[in-house]
Structures are given as C-alpha cells and as structure tokens.
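To start, the structure itself, in structure tokens.
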Amino acid sequence: MNDGTQCWSCGDPAHDSAALRVRMRREGGGVYWKAGVRVPLCAGCRSAWRPALRARRTALWALTLGAVLAVSTLVVDLLTDPALGSGTMGLIAAAIAAVAAAVGVPAYRAQARHPEGLRHPHTHPDVVALTGRGFGILN
C-alpha cells in the first residue's frame with residue numbers, strides 16, 4: 001500500500017509495511033531521551049538494506065556478550081582457584097571469546113557493505129537532525 005511518499009533510498013513509491021523505524025537515544029545528566037524516525041522505503045530497498053542493518057545489531061550483541069562472558073569466566077576462575085592451577089575456566093573464557101569474535105567480526109564488516117546506488121536510511125534528514133542534537137542510532 002502506497003501512502004503517497006517516496007522511498008528514501010531509491011525514489012520509487014514507498015510502502016507502509018516496508019518503512020524502517022530508526023530508534024535513537026540520547027543521555028545527559030542521568031536522563032535518557034528516546035526518539036524514533038520513520039524512514040519510508042519500498043519493499044525492494046527494505047530487503048536490500050536488511051543484511052547491513054541486521055549485521056550492526058548482530059555485531060554489537062556478539063562482541064559485547066562475548067566480552068562480558070569471557071571476563072566473567074576469568075573472574076570466576078580467579079575466585080574459585082586462587083592457585084591458578086587448573087586453567088579449565090581460562091580455556092572456557094578463550095572459547096567464549098573465540099566464538100564471539102567468529103560471529104561478531106564478520107557481522108561488523110558486513111554492516112559496512114551497502115547496496116550500490118541506494119541512500120542509507122541513516123542519512124534521512126530527520127535522522128541527521130537528531131544525530132546533530134546528540135542522539136545516537138540504536139539500530
């Protein structure tokens with residue numbers, strides 16, 4: 001269904017169901033402000049951008065969760081084995097870090113691969129205006 005707007009990426013008629021909601025957040029003085037910008041897209045552009053936008057989220061989760069779990073495992077190792085004799089927990093921490101890197105690094109690289117000839121949804125004027133006011137993009 002076309003609501004009369006054009007796709008931000010390619011200029012074709014946009015579809016309501018294909019629109020991308022860019023979630024944004026800003027913090028200051030212990031207060032968080034949330035904002036959302038609806039970027040009109042056509043179904044083709046939404047499909048074309050899906051891998052790059054999904055990769056950003058995958059990289060963030062994999063690398064952050066991997067780092068937290070690896071450090072937590074090493075802390076547990078230090079607390080439970082003061083002699084540092086077994087090394088089993090250290091091996092588990094290394095395995096966690098390796099899996100996180102194996103998932104997160106390729107995803108991080110994939111987010112930079114943009115479809116040729118299309119404008120990125122994050123370059124929409126409303127998104128740019130909010131980033132200029134200190135908001136960060138969450139997706």
Side-chain angles (χ1 to χ4, degrees):
M1 179 176 211
N2 186 359
D3 63 357
T5 60
Q6 290 183 323
C7 173
W8 171 250
S9 282
C10 70
D12 287 347
H15 297 276
D16 285 338
S17 62
L20 174 69
R21 183 172 179 267
V22 178
R23 295 179 303 118
M24 305 179 81
R25 185 181 84 175
R26 183 178 115 188
E27 61 179 280
V31 179
Y32 293 99
W33 292 276
K34 292 181 180 180
V37 175
R38 185 185 169 280
V39 179
L41 296 174
C42 65
C45 287
R46 178 65 185 227
S47 294
W49 281 110
R50 184 172 285 123
L53 296 172
R54 184 173 288 159
R56 176 183 169 99
R57 184 173 52 232
T58 302
L60 176 71
W61 276 103
L63 295 175
T64 303
L65 188 60
V68 168
L69 288 175
V71 170
S72 299
T73 304
L74 289 174
V75 168
V76 168
D77 186 32
L78 289 173
L79 293 176
T80 58
D81 188 11
L84 298 174
S86 73
T88 304
M89 294 298 271
L91 291 175
I92 293 171
I96 290 170
V99 169
V103 171
V105 171
Y108 181 79
R109 289 183 179 156
Q111 74 178 346
R113 286 188 224 120
H114 299 159
E116 285 189 38
L118 299 178
R119 291 188 289 187
H120 197 292
H122 293 169
T123 63
H124 189 273
D126 295 340
V127 175
V128 172
L130 286 172
T131 56
R133 292 179 33 207
F135 281 82
I137 297 171
L138 297 177
N139 63 335

ask   = Does the side chain of P13 reach to within under 4.5 Å of the side chain of C42, using non-hydrogen atoms?
value = no
note = Between the CG atom in D12 and the CG atom in L41, the distance rounded to the nearest 0.5 Å is 11.0 Å
message = Working to the nearest 0.5 angstrom, can you tell me the gap between C10 SG and L118 CG?
response = 6.5 Å
task = Indicate the atoms forming the closest heavy-atom contact of K34 with F135, along with that distance.
result = C-CE2, 4.3 Å
ask   = If every non-hydrogen atom of P121 is compared with every non-hydrogen atom of V39, which pair is closest and at what distance?
value = O-CG2, 3.8 Å
May I have the list of side-chain donor-acceptor pairs in residues 122-134 shorter than 3.5 Å, sequence neighbours left out?
| from | atom 1 | to | atom 2 | distance (Å) |
| --- | --- | --- | --- | --- |
| H122 | NE2 | N139 | O | 2.9 |
| T123 | OG1 | W8 | NE1 | 3.2 |
| T123 | OG1 | H120 | O | 2.6 |
| H124 | ND1 | D126 | N | 3.2 |
| T131 | OG1 | V127 | O | 3.3 |
| T131 | OG1 | V128 | O | 2.8 |

Only pairs under 3.5 Å count here: list side-chain donor-acceptor contacts from residues 64-72, not counting sequence neighbours, and write none if there are none.
| from | atom 1 | to | atom 2 | distance (Å) |
| --- | --- | --- | --- | --- |
| T64 | OG1 | L60 | O | 2.8 |
| S72 | OG | V68 | O | 2.7 |

Could you work out, with side-chain contact (heavy atoms from CB on, under 4.5 Å) as the rule, every residue matching [X], not counting sequence neighbours?
| X | result |
| --- | --- |
| W61 | R57 |
| V99 | none |
| A19 | R38 |
| T58 | R54, V103, A107 |

message = For W33 and R25: C-alpha separation, side-chain torsions, deciding distance, then whether side-chain contact (heavy atoms from CB on, under 4.5 Å) applies.
response = CA-CA 6 Å; W33 292 276; R25 185 181 84 175; over 6 Å; no
query = Quick one: do Y32 and I137 end up in the same hydrophobic cluster if we chain Ile, Leu, Val, Met, Phe, Trp and Tyr together by side-chain heavy atoms under 4.5 Å apart?
reply = no
query = If you group Ile, Leu, Val, Met, Phe, Trp and Tyr by side-chain heavy-atom gaps below 4.5 Å, do L63 and I92 land in one group?
reply = no
Residues W49, L20; criterion side-chain contact (heavy atoms from CB on, under 4.5 Å); working and verdict = CA-CA 10 Å; W49 281 110; L20 174 69; over 6 Å; no
message = Could you walk me through whether V37 and R21 satisfy the side-chain contact (heavy atoms from CB on, under 4.5 Å) test, starting with their C-alpha distance in whole Å, then the side-chain angles of each, then the deciding distance to 0.1 Å, before giving a yes or no?
response = CA-CA 6 Å; V37 175; R21 183 172 179 267; over 6 Å; no
task = Would you confirm whether S9, through its side chain, and R119, through its main-chain N or O, come within 3.5 Å as a donor-acceptor pair?
result = yes
